[in-house]
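Letters A, B, ... mirror the listed sequences (proteins, then strands); counts begin at 1. Keep in mind that what you see is a predicted model, and the values were worked out from it rather than measured.
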Number of protein chains: 2
Amino acid sequence: MQKTLTRVEKRQQKLDVILRNAAKAFMERGYYKTSLDDIAKMQNVTKPTLYYYIKNKEDILVKCEEVALLRINEMIDKVSVDQHSGFDMLYDFIKGYISLVTDDIIRCHVRHRGQMEDVLAKENSIKNHKQLEYRIREIIRIGIKDNSIRDCNSTILAILLFDSLNGISSWYKSDGQVNLGELTAEVLALFNGGVRG
Amino acid sequence: MQKTLTRVEKRQQKLDVILRNAAKAFMERGYYKTSLDDIAKMQNVTKPTLYYYIKNKEDILVKCEEVALLRINEMIDKVSVDQHSGFDMLYDFIKGYISLVTDDIIRCHVRHRGQMEDVLAKENSIKNHKQLEYRIREIIRIGIKDNSIRDCNSTILAILLFDSLNGISSWYKSDGQVNLGELTAEVLALFNGGVRG
DNA sequence: CTATAGAGTTACTCAATAGTAACATACTAT
DNA sequence: ATAGTATGTTACTATTGAGTAACTCTATAG
């Protein structure tokens, strides 16, 4: 017999559902074209109920960001524990990131990061992303030192890497025509050896 | 003595200014956070005046798209006239595209394409981008045939290419720390030979 | 078993802003 | 010069949607 959920657990679950539904709607219709009434309806509740779980509309973005950053950082932790080379770490990061950007909450974060109206939230969001970029830059630097990665501007490479991977998040749909495995393989091949024939 | 501008020319110029200012504001604050009053103020006119030049707010996006597509297609035309290889064409396309995405109207188009509320405008925008992607795919196919480009899924490569280049448009600022020349060089190097050391 | 906090509702306020009507002025072609 | 159109203004309408007040019902802790 499963232990019945405590109030706190139920509450957390409901918040998760709100975030998931909101993230999905934001990705499909966009943040401003999605009203809180729309989101409430997806849970079969009314708008004021949402305010029991979130501070305001923008808080949904902030909370999605929290979840997303946790998962992304966790993934970077995993690929960072000593591998053969910087290249290998970066390689695994790309694989990991692509598998993450199929999740609505992550996609929502990627699409809306740094766009909050609240000045503090916005600054924080930008800072958070800088932190991620910094971690990837470090991996690239390790790779350059051990000669597994071409000597390059690690800042620019890190940005370009995020750009292309984040681009995927905006169009990738699990039910679309592009297969995730093949997509990952192509990205890794491009990343590994460029496009030269 | 310079011939004074005709009404039609003056009108065209004013429309250009509106598009440019609107595009700039949309990139800085976002489409929904920018009101028509804001845009009007940038030209020192009032909101109803704008309606003399545009059908409605969304029409600004449509008109920016028209301008952007003209310039992008023109650039692709230029790099397509017979070069040594598919790779060379693609190489020049990348150079050309990066130089274009520093322009606010192009950036505005890139950021907002396919997001119109008007169903027809939206479908048209998506179709337009598909058309661009198709042209790049063709270049890639030429490169694969003449062995200047690695045998790969041309669809995925075209998408990834646009993703990374369009990513640049969202963060690149001409007054920022990243130098455009160095950025282009890094992209081309990555594109040419990947990241392997 | 019951007091209380949790979870939800209906019915509102209030602000922002897209778009319009009606009117005023300035150019330009004849 | 002047008719008429291009360009602009002020003052408005109408809608949307975020956020709140005030209330009901329900479950659980003691």
Visitor: For a quick test of reading the model: is some side-chain N or O of A/Thr49 closer than 4.0 Å to OP1 or OP2 of C/dA7?
Guide: no
Visitor: Would you mind reading off the distance between A/Asn56 atom CG and C/dC14 atom P, rounded to a whole angstrom?
Guide: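 After rounding, the reported distance stands at 19 Å.
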Visitor: Using modelled atom types and a 3.5 Å cut-off, is there a donor and acceptor pairing between side-chain atoms of B/Glu186 and backbone atoms of A/Leu157?
Guide: no
Visitor: Quick one: which of D/dT9, D/dT7, D/dA18 gets closest to the side chain of A/Tyr51?
Guide: D/dA18
Visitor: Tell me the interatomic distance from B/Gln12, atom CD, to D/dA6, atom P, rounded to whole angstroms.
Guide: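 Rounded to whole Å, this separation is 16 Å.
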Visitor: Check the distance between C/dA18's C1' and B/Ile39's CD1 and give it to me in whole angstrom.
Guide: 11 Å
Visitor: Could you state the atom-to-atom distance from CG of A/Leu50 to C1' of D/dG17 in whole Å?
Guide: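 Those two atoms, CG and C1', are 13 Å apart.
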Visitor: Decide whether a cation-pi geometry holds between A/Arg111 and A/Phe26; the criteria are a distance under 6.0 Å from NZ or CZ to the six-membered ring centre and an angle within 45° of the ring axis.
Guide: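 Not flagged: A/Arg111 not positioned over aromatic ring of A/Phe26.
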Visitor: Which nucleotide in the set C/dA7, C/dT10, D/dT9 lies at the smallest distance from any side-chain heavy atom of A/Tyr52?
Guide: C/dA7
Visitor: Looking at the rings of B/Phe162 and B/Phe93, which for Trp means the six-membered one, are their centres under 6.0 Å apart?
Guide: yes
Visitor: Rounded to whole Å, please give me the gap between CD in B/Glu9 and C1' in C/dT28.
Guide: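 That distance rounds to 15 Å.
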Visitor: Where the side chain of B/Lys10 is concerned, which of C/dT28, C/dA7, D/dT9 is the nearest nucleotide?
Guide: C/dT28
Visitor: Tell me the interatomic distance from A/Leu36, atom CG, to D/dT20, atom C1', rounded to whole angstroms.
Guide: 13 Å
Visitor: Tell me whether the side-chain N/O atoms of A/Thr46 come closer than 4.0 Å to OP1 or OP2 in C/dT9.
Guide: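 It does, given that an N or O in the side chain of A/Thr46 lies less than 4.0 Å from OP1 or OP2 of C/dT9.
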Visitor: So which nucleotide from C/dT20, D/dT20, D/dG19 ends up closest to the side chain of B/Pro48?
Guide: C/dT20
Visitor: Is there a path from B/Ile94 to B/Val101 through hydrophobic residues (I, L, V, M, F, W, Y) whose side chains come within less than 4.5 Å of each other?
Guide: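 Yes, one cluster joins them.
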Visitor: Only one of A/Glu65, A/His109, A/His112, A/Lys130 forms a side-chain hydrogen bond (donor to acceptor under 3.5 Å, both in side chains) with A/Ser125, so which one is it?
Guide: A/Glu65
Visitor: Answer with yes or no whether A/Lys47 presents, from its side chain, a donor or acceptor under 3.5 Å of a partner atom in the base of D/dG17.
Guide: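 No, the side chain and the base share no sub-3.5 Å donor-acceptor pair.
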Visitor: Would you jot down, in residue-number order, the residues of residues 22-35 of chain A having a non-hydrogen atom under 4.0 Å from DNA chain D?
Guide: A/Thr34, A/Ser35
Visitor: In whole angstroms, how far is the C1' atom of C/dG8 from the CZ atom of A/Arg11?
Guide: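 So the CZ-C1' distance, A/Arg11 to C/dG8, works out to 13 Å.
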Visitor: Would you mind reading off the distance between B/Leu15 atom CG and D/dA6 atom P, rounded to a whole angstrom?
Guide: 16 Å
Visitor: Heavy atoms only, 4.0 Å cut-off, all strands: where does B/Lys55 land among base, sugar-phosphate and nothing?
Guide: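 Counting heavy atoms under 4.0 Å across all strands, no contact is made by B/Lys55.
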Visitor: Do other residues, nucleotides or ligands put more than 12 heavy atoms under 6.0 Å from the NZ atom of A/Lys55?
Guide: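 Not more than 12 within 6.0 Å, no.
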Visitor: The test is side chain to side chain contact (heavy atoms under 4.5 Å, CB included); show your working for B/Tyr31 and A/Tyr32 and say whether it passes.
Guide: CA-CA 10 Å; B/Tyr31 179 77; A/Tyr32 287 97; over 6 Å; no
